[in-house]
Amino acid sequence: QVQLVESGGGLVQAGGSLRLSCAASGRIFSSNAMGWFRQAPGKEREFVAAINWVGAPYYVDFAKGRFTISRDNAKNTLYLQMNSLKPEDTAVYYCAAGQNLIVTITASYDYWGQGTQVTVSS
C-alpha cells in the first residue's frame, strides 16, 4: 500500500516561509518522479514543482526563484521550501508520486497525499 502524508502547512504572513514535507511509504520513491501541486478554492489543481528520479527539478514560473523542491531518498521524504510567500500562494498543497513522464501534469501521477493547507495573510 502506497501512502503519501504531507505536513508543514499553516498560516504565515506575506513574505514569510514554510517548508512542506511529504513522507512516502510503500514500494515507491527512489525510482519515481515526485511532485507538488496546489489547489485554491474554485480553481483547478495546478502544478508547482517536481523532481525526477535522478534529482532534476522542474518548476512552474510562479515558483521559480521562490520555491525549492528536494528529496531525501534515505528518508523517503519529499520537501518543498517556500520563501517570499504571497497571498496568492494560499491553497491546499498536494504531494504526488508517479511515472517519470511529463511531470508537470496530474495524469502522470498515480498516488496522491491528502493535502496540507497553506494560508498566506497580507
Side-chain angles (χ1 to χ4, degrees):
Q1 182 74 20
V2 174
Q3 189 174 18
L4 302 174
V5 180
E6 302 98 333
S7 61
L11 174 64
V12 64
Q13 288 188 334
S17 299
L18 284 173
R19 187 194 196 200
L20 305 184
S21 298
C22 173
S25 61
R27 297 190 63 179
I28 200 167
F29 202 77
S30 61
S31 61
N32 288 89
M34 300 291 293
W36 289 99
F37 288 75
R38 71 185 189 184
Q39 188 166 18
K43 295 187 177 181
E44 293 188 354
R45 192 167 299 189
E46 63 179 351
F47 171 74
V48 176
I51 187 165
N52 67 10
W53 72 284
V54 295
Y58 300 84
Y59 298 98
V60 69
D61 283 348
F62 65 71
K64 293 177 180 177
R66 297 192 301 130
F67 296 0
T68 302
I69 190 171
S70 61
R71 65 194 295 173
D72 185 334
N73 289 341
K75 296 182 178 180
N76 274 10
T77 304
L78 178 73
Y79 302 99
L80 184 68
Q81 177 67 43
M82 304 188 294
N83 299 326
S84 302
L85 283 163
K86 305 174 182 180
E88 51 264 44
D89 294 318
T90 296
V92 177
Y93 284 71
Y94 296 92
C95 167
Q99 306 302 312
N100 287 283
L101 301 173
I102 305 173
V103 297
T104 58
I105 61 174
T106 58
S108 293
Y109 295 87
D110 303 307
Y111 306 101
W112 293 84
Q114 82 290 349
T116 185
Q117 176 70 47
V118 171
T119 303
V120 184
S121 63
S122 57

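These numbers come from the heavy atoms of this one structure, side chains and all, not from hydrogens, waters or symmetry mates. Please read these numbers as outputs of a predicted model, since none were measured by experiment.
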#### Entry: ring pair (Phe, Tyr, Trp, His ring centres under 6.0 Å) partners of Y79, counting only residues at least two apart
none
### Task
With sequence neighbours left out, write down each residue that passes side chain to side chain contact (heavy atoms under 4.5 Å, CB included) with T119, or none if nothing qualifies.
L11, T90, Q117
#### Entry: Closest approach of L78 to R71 (non-hydrogen atoms, all atoms of both residues)
CD1-CB, 4.1 Å
### Validation row, ring centre Y94 to ring centre F37 under 6.0 Å
no
### Nearest-0.5 Å distance that lies between atom OG in S7 and atom CG in L20
8.0 Å
## Note on the structure
Those residues at least two apart in sequence (or on a different chain) that pass ring pair (Phe, Tyr, Trp, His ring centres under 6.0 Å) with Y93 are none
#### Entry: F62 six-ring centre to R38 NZ/CZ under 6.0 Å and within 45° of normal
yes
### Query
Can you tell which of I69, D89, V118 makes a side chain to side chain contact (heavy atoms under 4.5 Å, CB included) with M82?
V118
### Where A97 and M34 come nearest, the two heavy atoms and their spacing
CB-SD, 3.3 Å
#### Entry: F67 side chain near L85 side chain, heavy-atom distance below 4.5 Å
yes
## Note on the structure
So CD of Q13 and OG of S122: to nearest 0.5 Å the spacing works out to 9.5 Å
### Message
Restricting to non-hydrogen atoms, name the atom on N83 and the atom on Q81 that form the minimum distance, rounded to 0.1 Å.
### Response
OD1-NE2, 2.9 Å
### Task
Search all heavy atoms of S84 against all heavy atoms of S17 and return the closest pair with its distance.
N-OG, 4.3 Å
### Query
Do you reckon L18 sits in the same ILVMFWY cluster as V5, going by side-chain contacts under 4.5 Å, direct or chained?
no
#### Entry: Inter-residue atom distance I51.CD1 - N32.CG, 0.5 Å rounding
12.5 Å
### Query
Are side-chain heavy atoms of Y59 and V48 found at a separation under 4.5 Å?
no
Distance-only donor-acceptor pairs under 3.5 Å for side chains of residues 106-113, two or more places apart:
residue, atom, partner, partner atom, Å
S108, OG, I102, O, 2.7
Y109, OH, V103, O, 2.6
D110, OD2, Q99, NE2, 3.0

### Query
Can you name the residues that form a side-chain hydrogen bond (donor to acceptor under 3.5 Å, both in side chains) with E88, not counting sequence neighbours?
none
### side-chain hydrogen bond (donor to acceptor under 3.5 Å, both in side chains) against K43, all qualifying residues, sequence neighbours excluded
none
### Task
Over all heavy atoms of both residues, which pair between A40 and A91 is shortest? Give the atoms and the distance, please.
N-CB, 3.8 Å
### Task
Apply side chain to side chain contact (heavy atoms under 4.5 Å, CB included) to F47 and I105, showing your working.
CA-CA 7 Å; F47 171 74; I105 61 174; over 6 Å; no
### Query
Below 4.5 Å, heavy atoms only, C-beta onward: do L4 and E6 meet side chain to side chain?
no
